[in-house]
Amino acid sequence: MDNSVIRKRLSTFKAGKSGVLRQVADDVVLDVLRAWENWPGTSADLYRDLGLSKMQMAIMIKKGKQLVKKGMVPPDEFKEVKIADSSSLPPCSGIEVAWGENKLIRFSQVEQLIDFLKKSA
């Protein structure tokens with residue numbers, strides 16, 4: 001969503017000339033969180049672009065993360081991933097790791113690989 005649209009949506013929750021945000025809707029908070037996650041620049045540039053103070057932005061991000069953690073993400077955002085039936089996949093014969101130049105190490109179990117990596121660290 002464009003930042004100017006989010007800015008206009010946020011302005012409907014500002015109280016008078018003071019600019020205090022009151023009872024911001026959850027969908028707007030999630031839009032601010034998504035904008036923050038996808039913003040390529042500094043967070044200072046983002047909160048200025050959205051017309052928020054540094055503290056307001058921090059509160060919006062915190063509330064947005066809490067909403068996501070509680071599972072309040074809109075249903076159209078969630079996409080189910082189908083995993084193929086394991087019987088149709090070829091059998092796994094282990095893990096191969098290219099180690100250095102011209103070296104190939106094979107592990108038959110994941111635990112062996114983990115032990116090897118711990119010892120080599």
Side-chain angles (χ1 to χ4, degrees):
M1 181 176 290
D2 187 26
N3 288 346
S4 60
V5 175
I6 296 173
R7 183 181 190 144
K8 288 178 185 177
R9 291 180 72 193
L10 282 170
S11 68
T12 61
F13 297 101
K14 288 190 178 178
K17 295 180 182 178
S18 65
V20 177
L21 289 171
R22 303 252 185 226
Q23 300 175 348
V24 180
D26 292 345
D27 61 328
V28 177
V29 173
L30 290 172
D31 287 340
V32 170
L33 179 66
R34 281 189 214 107
W36 175 71
E37 289 172 344
N38 295 323
W39 184 256
T42 64
S43 57
D45 292 337
L46 177 63
Y47 68 72
R48 280 189 219 113
D49 194 34
L50 295 176
L52 298 172
S53 70
K54 181 179 180 179
M55 186 57 73
Q56 287 173 328
M57 185 70 178
I59 292 169
M60 298 287 276
I61 291 170
K62 181 179 178 182
K63 186 176 177 185
K65 286 183 177 183
Q66 289 172 346
L67 289 172
V68 170
K69 192 173 185 180
K70 290 179 183 177
M72 303 293 254
V73 181
D76 59 344
E77 292 294 320
F78 178 77
K79 294 181 182 174
E80 184 179 0
V81 177
K82 300 281 185 179
I83 299 175
D85 186 21
S86 62
S87 62
S88 64
L89 297 175
C92 181
S93 61
I95 301 169
E96 293 182 352
V97 177
W99 194 265
E101 290 185 37
N102 302 327
K103 290 184 181 178
L104 185 66
I105 303 173
R106 291 189 178 106
F107 300 94
S108 60
Q109 297 176 348
V110 175
E111 291 80 17
Q112 292 173 341
L113 171 62
I114 293 172
D115 289 339
F116 173 78
L117 292 174
K118 285 181 182 178
K119 291 177 184 175
S120 65

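In what follows, residues are counted from 1 in the order of the sequence shown.
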Inset, instruction - Among Ile, Leu, Val, Met, Phe, Trp and Tyr joined by side-chain contacts under 4.5 Å, find the other residues sharing a cluster with Val20 and list them by chain and number. - result: none
Inset, instruction - Evaluate the side-chain proximity of Asn3 to Ile6: yes if any heavy-atom separation is below 4.5 Å, no if none is. - result: yes
Inset, instruction - Only counting residues at least two apart or in another chain, list the ones meeting ring pair (Phe, Tyr, Trp, His ring centres under 6.0 Å) with Phe107. - result: Phe116
Legend entry - Residue list, side chain to side chain donor-acceptor pair (under 3.5 Å) with Ser108, at least two apart or on another chain: Gln112
Legend entry - All pairs passing salt bridge (charged side-chain N to carboxylate O under 4.0 Å, His left out) where residues 104-120 contributes a residue, at least two apart: Glu96-Arg106
Legend entry - Nearest heavy atoms of Lys14 and Gly51, plus distance in Å: NZ-O, 2.7 Å
Legend entry - Set of residues satisfying side chain to side chain donor-acceptor pair (under 3.5 Å) with respect to Ser4, sequence neighbours excluded: Asp2
Legend entry - Contacts of type side chain to side chain contact (heavy atoms under 4.5 Å, CB included), residue Ser53, not counting sequence neighbours: Met55, Gln56
Legend entry - Partner residues of Asp45 under the salt bridge (charged side-chain N to carboxylate O under 4.0 Å, His left out) criterion, sequence neighbours left out: Arg48
Inset, instruction - Taking side chain to side chain contact (heavy atoms under 4.5 Å, CB included) as the test, write out the residues that go with Ala25, two or more places apart. - result: Phe13, Asp27, Val28
Inset, instruction - Indicate yes or no: at least one non-hydrogen side-chain atom of Arg9 is less than 4.5 angstrom from one of Val24. - result: no
Inset, instruction - List in chain and number order the residues that pass side chain to side chain donor-acceptor pair (under 3.5 Å) with Gln66, two or more places apart in sequence or in another chain; answer none if no residue qualifies. - result: none
Inset, instruction - Verify the cluster assignment for Val32 and Leu21: are they in a single hydrophobic cluster under the rule of side-chain heavy atoms below 4.5 Å apart? - result: yes
Legend entry - Other cluster members, Leu104 - Ile/Leu/Val/Met/Phe/Trp/Tyr, side-chain contacts below 4.5 Å: none
Inset, instruction - Can you sort out the partners of Lys65 under side chain to side chain contact (heavy atoms under 4.5 Å, CB included), two or more places apart, ordered by chain and number? - result: Leu33, Trp36, Ile61
Inset, instruction - Search all heavy atoms of Met57 against all heavy atoms of Leu46 and return the closest pair with its distance. - result: CE-CD2, 3.2 Å
Inset, instruction - Heavy atoms only: give me the nearest Val29-Met60 pair and the separation to one decimal. - result: CG1-O, 3.4 Å
